[in-house]
Number of protein chains: 2
Amino acid sequence: MVAPPKSPGRPRSEDARLAILQAVDGMLVEEGYAAMTMKGIAERAGVGRQTVYRWWSSKAEILLEACTHDAIDELTVPAAESAAAEVAAFLGALAAFLTGSDAGLAYRALLGEAQHDEAVAKLLREADILGGAAARTIRRVQSHGALAGEGDLRGLVAELVGPLAFRVLAGDAAGIEGELEGMAERFLAR
Amino acid sequence: MVAPPKSPGRPRSEDARLAILQAVDGMLVEEGYAAMTMKGIAERAGVGRQTVYRWWSSKAEILLEACTHDAIDELTVPAAESAAAEVAAFLGALAAFLTGSDAGLAYRALLGEAQHDEAVAKLLREADILGGAAARTIRRVQSHGALAGEGDLRGLVAELVGPLAFRVLAGDAAGIEGELEGMAERFLAR
DNA sequence: CTAGATTCAAGTCATGGTGTCTCGAAATCG
DNA sequence: CGATTTCGAGACACCATGACTTGAATCTAG
């Protein structure tokens, strides 16, 4: 995964990279998105400004890198007995991710930015964070033979993720936990 | 709806108000969200900067006012014969709104901003643009007796709007029109 | 070990947006 | 008329941006 350094010159500092990612993560949580500036990131990371600009061209790119790994972890659920339990577990993980996790906060910030920045939209489409995780759960459920009908994968992902994601994005997620099982059942019965 | 002017002093200029709303609309479409600045809005509207700040405290507030009226129009569908046709018509209007309309572009920009700005989130929650429109369609379908099961209104709205909205927000809306009827059927059969 | 290449932290700089303030003119009230 | 409020226009200090410079550090190739 990590290419051995071939080119001459001083190699990229892993310390600086991690300090920047951590600074972005911390600033987003502690100070909010508005207070997150490239200048502030560099200062908080104890890093030159150019060092930030050399490797990322925008806040969004850093945020995406900071978000991706955690997101995959947080959205991966262990195999369950029944398909219903597995879907419900995924929805629980998704709700926790979107409403409570640092990575989820970053994801929502990115999705927000993508609504008025095509470059961010492209990045997010390529990373496909939610879609990838949902697709893994859907394929497992399909292999249990528990999902009726055809339906292309992208449509299925939208039906699984959409209702929950929309409520969170619209700021209407209070008490959503009690509805996850019902959502899982409805998805499987579609 | 419009309070008659009671206080002394020069009344608020309706011309200025409309010029500002129109400037915001045009700038969002023609130049994009990033190029939309309070300064630019004032200049494009031919209006003093203070005149903008006096009545709105952020881009988001102006955008919301510019969006709300059009949104209600665009998301209101005529009564149809069957419940399925009515739901499908609403989803068609919603898809057109989210992907093609100026007001929908503004709505998406606002929803995006809301992900990292609690003040915008509050505004959007109070305006409840999508939720209100969806609730009207749902109530009509319920009065036809065509919607099984209980389910609170907010949950129903999320199930109706969520899958489509998520696909659009995630930038995966290509060829969505062909799936609207299936989505409508699935919603009614839940 | 040297020469060349690349990165590092730190800082400077012009540009442009922010939000507040001031100004004189205009409009509406009592 | 006088008080009050809005109007357009612009000045102002402040801050983020992103390109640029500097001198040191760290790597490869020869």
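Note that these values count all heavy atoms, side chains included, but never hydrogens, waters or copies made by symmetry.
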Handout entry: Distance-only donor-acceptor check, side chains B:Ser82 and B:Glu86, under 3.5 Å
Key = no

Problem - Rounded interatomic separation in angstrom, taking OH from B:Tyr53 and C1' from D:dA9 - result: 15 Å

Return the nearest nucleotide to the side chain of [X]; candidates are [options].
{"X": "B:Pro8", "options": "C:dT20, D:dC7, C:dC29", "answer": "C:dC29"}
{"X": "A:Met38", "options": "D:dT6, D:dG18, C:dA10", "answer": "D:dG18"}
{"X": "B:Pro11", "options": "C:dA27, D:dT17, D:dC7", "answer": "C:dA27"}

Problem - A:Met27-A:Leu18 co-clustered via ILVMFWY side chain contacts under 4.5 Å - result: no

Problem - Presence of salt bridge, B:Arg154 and A:Glu179, under 4.0 angstrom - result: no

Exercise for the section: Could you tell me whether A:Arg167 and B:Glu159 have a side-chain N and a carboxylate O separated by less than 4.0 Å? Expected result: no

Problem - Cation-aromatic face contact B:Arg12/B:Trp55, 6.0 Å, 45 degrees - result: yes

Practice task
Please check the phosphate of D:dT6 (OP1 and OP2 only) for any side-chain N or O of B:Ser13 closer than 4.0 Å.
Solution key: no

Handout entry: Short side-chain N/O contact to C:dT6 OP1/OP2 from A:Trp55, under 4.0 Å
Key = no

Practice task
Using salt bridge (charged side-chain N to carboxylate O under 4.0 Å, His left out) as the criterion, list what pairs up with A:Arg108, not counting sequence neighbours.
Solution key: none

Problem - N/O donor-acceptor pair, side chain B:Arg49 with base D:dG8, under 3.5 angstrom - result: no

Might you list the N or O atoms of the protein lying below 3.5 Å from N or O atoms in nucleotides 22-25 of chain D, with each pair's distance?
| residue | atom | partner | partner atom | Å |
| --- | --- | --- | --- | --- |
| D:dA25 | N3 | A:Arg10 | NH1 | 3.4 |

